[in-house]
Amino acid sequence: MPGALPIADPAPLDGALPASVAVDSANRDWSVYIHVPFCRVRCGYCDFNTYTGEELRGAKRSDYATEAIAEIEQASAVLTQAGVAPRKASTVFFGGGTPTLLPVSDLTRMLAAARDTWGFMPDVEVTTEANPDSVDRDYLLALKEAGFTRVSFGMQSAVPHVLATLERTHDPERVPFVVEWARDVGLDVSLDLIYGTPGESLADWERSLDYAIAQNPDHISAYALIIETGTKLAAQIKRGDVAPVNDDLQADMYELADAKLAAAGYDWYEVSNWAKRDENPEISHASRHNLGYWLGNDWWGVGPGAHSHVGGVRWWNVKHPAAYADRIAAGHSPGAGRETLADSSKYLEHVLLRARVRNGLTTATLDADGRTAVAGLIADELVDARAAIGGTINLTLKGRLLADAVVRRLLADAPV
Amino acid sequence: MSPRASYTLEPASTDPAFIRNFCIIAHIDHGKSTLADRMLSVTGVVSDRDMRAQYLDRMDIERERGITIKSQAVRMPWALTDENGKEQSYALNMIDTPGHVDFTYEVSRSLAACEGAILLVDAAQGIEAQTLANLYLAMENDLTIIPVLNKIDLPAADPDKYAEEIAGLIGCDPASVLRVSGKTGVGVPELLDEATRLIPAPVGDADAPARAMIFDSVYDAYRGVITYVRMIDGKLSPREKVMMMSTKSAHELLEIGVSAPEPTPTKGLGVGEVGYLITGVKDVRLSKVGDTVTNFAKPSSVPLQGYSEPKPMVFSGLYPIDGSDYPVLREALDKLKLSDAALVYEPETSVALGFGFRCGFLGLLHLEIVRERLEREFNLDMIATAPSVIYEVMGDDKKFTTVTNPSEFPGGKIASVSEPMVKASILTPKDFVGTVMELCQSRRGTMQGMEYVGTDRVELHYTMPLGEIVFDFFDHLKSRTQGYASLDYEPSGDQEADLVKVDILLQGEAVDAFSAIVHRDKAYAYGVLMTERLKNLIPRQQFEVPIQAAIGARIIARESIRAMRKDVLAKCYGGDISRKRKLLEKQKEGKKRMKMVGRVEVPQSAFIAALSGEVEAGKEKK
């Protein structure tokens, strides 16, 4: 048996990319992700790369926008060097952490740098994540005026005891206000929900769904809570202080969400994401930025711990803001590790990412074993028969709940 | 006390009058090997410097488990001094016998090579069931019995009590029961004196064609088969051609000698002597225990009575846990066969377990020893299916089928099934008689009688199906008697019984490794046990999986594994992709260790746990 592959190769200090990433680059959409690794407090379930004031080890929040802009400039040089075609950005996404913990001028400055560097497509989608208690109407207005088009609020739940278990500090009563302000200034609105929190009943979840739907957002994401190792919640469960997550209950919750959201006019377009149907069928409220991840597009991830993908090379930055600041100050790439995908890995990713997306995967792109496996998936009612006969893999409700199993079956005989 | 012999008698020219052949009958743990070691040092054949614990037990397993599997013989000098002060040297041949019930046949051959037997009993525990069986055999063979209590140095020793017990059994004076400590050496020279005085000298016709009885045959990687013999008549010499009387096969004697205890070549072996032969043969089957060796040039026409083929009683499938180890397992069995004439096997395939071998063993201990040797000497990880016995099944068409594996059980109407029975003797402290009787009855035993041994122990006699004994009976016996009860059994013919084959089905498909032949009254219990076990062991699938126990087409127990409803990671954004792909690659690797039963994916670990009963064991611990 061959030895285990190294987890990744080290990234070169100058961040240089191989020429292979340029191949066909003009035909791939281009996106920018900007990570903001700061939170006021860390929530018990969260394993994201984010830091509270005490954890920053000398890195300064106030310096961050300047550092991120420096990385954007590096990015431009590296891409040009590798021969990647100059492309206007289709989407920009500010994620965290809590991007809105920064002064709005920091966000608009970073966005301006991206625009100055690559230019934006006319229909560019610019999103920021926001905590309901970290923005007000003026903040949202400033975002809109700077070119943001969309805001995604981390609502998570409408039920106080669920929010308490998650250690979310916002008051659910504030959600209608921030949604209204955002809509008022002309931003598209998404609400993020989490279900399956220990102690959360099906009735609790229904209350949260109803509450979110009542705000009439353009988009709703609903994530089953994942207990990530190393989080406070994982430790609490291990100690027995908090009940473990129940998969069957989470399945019930997913089915309830899908039914309620569909009835309220939201269509699923990825296993955890629903977009409001627009009267104009030309308009979609799906997150184009996130679709870019699943469809294999190129993007540059700016900031500590951010991941990037360009033409079959994936890399990620050093995680800590202080280490990131040092690299940038020294004029080095913040890249920590990278992997250049072999064809077999590209195929694996193609299937595993696209299968989760409605109309994302065509049978024509499957290998012979994968195409054969589709028959069994139809028989087990995991993929929609009509769509499959038409050449598209669409997961049924049951299939979405078992998406990982579907992917394993599609890839059962594919080489690793 | 006698001194060590000042001169030793030359093999091949020793007057039989000065030869003493004896064995030691003892239960496991009663200190036989320690006593044998002590005799080696007292007689001076092994210097104290070379002494290692259990010198005569060659295999690692023997030394570790403290039990003797293959017997050995060793020649030791000893001297008696008469009233005139004249010293007479003797040659003592000690034949070390296996102590376990699985090896009764080998024990009986060892006994046939002796004129005397030392009955060795732990002075703190008293006599045990297997010892009784072997003592009975020795007395049947008219051996002179030298009763000895060992471990008298132990604080818990109660020699007076157990001397009474022994005296009651063999009809001697309690005062004549010797008391020794193999550990400290106390009483050992006196024991040798007594044995030399009391055990009769062998008798035989020195001028007749040679007849030597093979009482052991071991395989040595360097020398080939080493055959241990006891000379009855005539003489065998180096380089001469000899013949095995049962097979008529002829071999040249490359070497002949005695164990002292290292192999020591001699000018031959004469009447009454015990020694070894090397012919260059590589397979113990060509040198069978119980066979008679004679001169090729002038052969005897009358073989010594006693040879019978070893007959496997217990069967089990052995499968490598890693399927690619199958050739290693085959090679390992081929090698073990060279030194273990009783081991039989043939290739077998199981849906659940892949490629393996159906193996036949003399008994459970034999199975365990073979398995342990395979694991240790050949570095194999294995799973053994539940042990089974030989059933004779008659269909409605009067056709007989011999079944050693439940998968061979014929379908269709069954007229009768007969199973092997044993006479079981269980020796237990009297406080546990009730619980032992309960156990035996639950295992379809029929009581044949019971008697006191000494004042506080009882020997219970049962006839029982062997199939019940091979299925964890011994474990239950031990745990219900705090480890005190001992068991001996011997075959006792066949008997018809209402036996059925219970299949375990996963999604309608029988899992061969779990099929079992059980009594109809127990079929339901077995079905419930196995379906519950599997329910707890098999991970949820994308569909509901019924687990059924069935007799033929009739379902007798049913469980089901609910379908898995959720198997999806909620989030998969930019930073999750590499991690997610690696997870998928790992799952694909893991799938190689899955076995498919129909459409059901079963981790091999689940089969192993279900076969070994880890499920309930785990529950009890909680």
Side-chain angles (χ1 to χ4, degrees), chain A residues 5 7-8 31 33 35 48-49 93 95 194-196 221-226 247-248 250-252 254-255 270-272 290 292-294 299 301 305-309 314 316 339 341 345 348-349 351-353 356 376 380 382 398 400-409 411-412 414-416, chain B residues 320-325 328 379 381 506-509 535-536 538-546 560-604 622:
Chain A
L5 292 165
I7 288 178
S31 293
Y33 172 77
H35 190 68
F48 293 157
N49 192 41
F93 196 104
I194 290 180
Y195 61 90
S221 303
Y223 306 108
L225 178 68
I226 302 169
D247 272 0
D248 284 349
Q250 283 196 342
D252 289 340
Y254 184 87
E255 287 173 1
E270 193 267 351
V271 290
S272 301
N290 286 336
Y293 294 142
W294 304 319
W299 80 88
H307 284 238
S308 301
H309 172 251
R314 293 194 184 281
W316 44 92
E339 52 183 12
L341 301 175
S345 296
L348 238 61
E349 288 189 353
V351 175
L352 101 82
L353 295 171
R356 300 165 63 96
D380 289 343
L382 298 173
K398 187 175 161 195
R400 277 181 271 151
L401 275 164
L402 296 172
D404 288 1
V406 169
V407 166
R408 286 197 297 275
R409 284 169 67 173
L411 291 169
V416 170
Chain B
I321 284 178
D322 179 347
S324 65
D325 275 346
V328 184
N379 210 8
D381 271 334
L506 269 187
Q507 243 208 351
E509 202 145 329
K535 184 193 169 185
N536 292 325
I538 296 175
R540 290 168 73 179
Q541 315 274 315
Q542 291 146 38
F543 38 86
E544 179 171 306
V545 179
S560 81
I561 304 170
R562 285 181 306 131
M564 172 193 278
R565 293 184 51 211
K566 177 174 172 283
D567 182 4
V568 56
L569 220 50
K571 273 197 168 187
C572 190
Y573 293 113
D576 306 318
I577 295 172
S578 294
R579 185 166 75 149
K580 180 106 171 89
R581 194 188 73 241
K582 296 230 152 72
L583 184 69
L584 181 68
E585 285 167 354
K586 228 162 107 184
Q587 287 170 336
K588 277 167 69 69
E589 274 302 312
K591 207 176 140 112
K592 289 183 188 159
R593 285 187 291 277
M594 294 281 189
K595 302 270 181 185
M596 299 301 291
V597 176
R599 294 183 58 214
V600 184
E601 269 179 22
V602 186
Q604 183 153 26
K622 274 177 199 162

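Letters go in sequence order (proteins before strands), and every chain restarts at 1.
- Of the possible donor and acceptor atoms, none in the side chain of B:Lys566 sits under 3.5 Å from a partner among the backbone N and O of A:Ala224.
- In this structure, the portion of B:Gln587 lying under 4.5 Å from any heavy atom of chain A is its side chain and not its backbone.
- A salt bridge is absent between A:Arg408 and B:Glu601: the closest approach of a Lys/Arg side-chain nitrogen to an acidic carboxylate oxygen does not fall below 4.0 angstrom.
- Counting non-hydrogen atoms of neighbouring residues, nucleotides and ligands closer than 6.0 angstrom, the NZ atom of B:Lys571 exceeds 12 such neighbours.
- Taking both residues in full, the closest heavy atoms of B:Arg565 and A:Asp248 are given as NH1-O, 3.4 Å, listed atom of the first, atom of the second, then distance.
- Put simply, of A:Val407, A:Leu411, A:Val406, the one with the most heavy-atom pairs under 4.5 Å next to chain B is A:Leu411.
- Considering only heavy atoms from C-beta on, A:Arg356 comes within 4.5 Å of B:Val568 through its side chain.
- With a 4.5 angstrom heavy-atom cutoff, A:Arg400 touches chain B only via backbone atoms.
- Here the straight-line distance linking atom CZ of B:Arg581 with atom CG of A:Leu352 works out to 8.5 Å at 0.5 Å rounding.
- The two atoms that bring A:Arg314 and B:Ser578 nearest to each other are CD-OG, 3.4 Å, heavy atoms only.
- Nearest heavy atoms, B:Gly574 versus A:His307: O-CB, 3.9 Å.
- For chain B, the option among A:Asn290, A:Val271, A:Asn49 with the highest count of heavy-atom pairs below 4.5 Å is A:Asn290.
- With a 4.5 angstrom heavy-atom cutoff, A:Asp252 touches chain B via backbone and side-chain atoms both.
- Taking CD1 from B:Ile577 and OG from A:Ser345, the interatomic distance works out to 13.0 Å, rounded to the nearest 0.5 Å.
- Just one of A:Phe93, A:Phe48, A:Tyr33, A:Trp294 meets the ring-ring contact (aromatic ring centres under 6.0 Å, His included) condition when paired with B:Tyr573; it is A:Trp294.
- Of all heavy-atom pairs spanning B:Asp567 and A:Ala405, the tightest one is OD2-CB, 3.5 Å.
- Taking all atoms of both residues into account, the shortest heavy-atom contact from A:Leu382 to B:Gln542 is CD1-OE1, 3.8 Å.
- In terms of heavy atoms, B:Cys572 sits closest to A:Leu353 at SG-CD2, 3.5 Å.
- Separating the CG atom in B:Leu584 from the CG atom in A:Leu348 is a distance of 4.5 Å, to the nearest 0.5 Å.
- Between the A:Asp380 side chain and the B:Phe543 main chain, no donor and acceptor come within less than 3.5 Å of each other.
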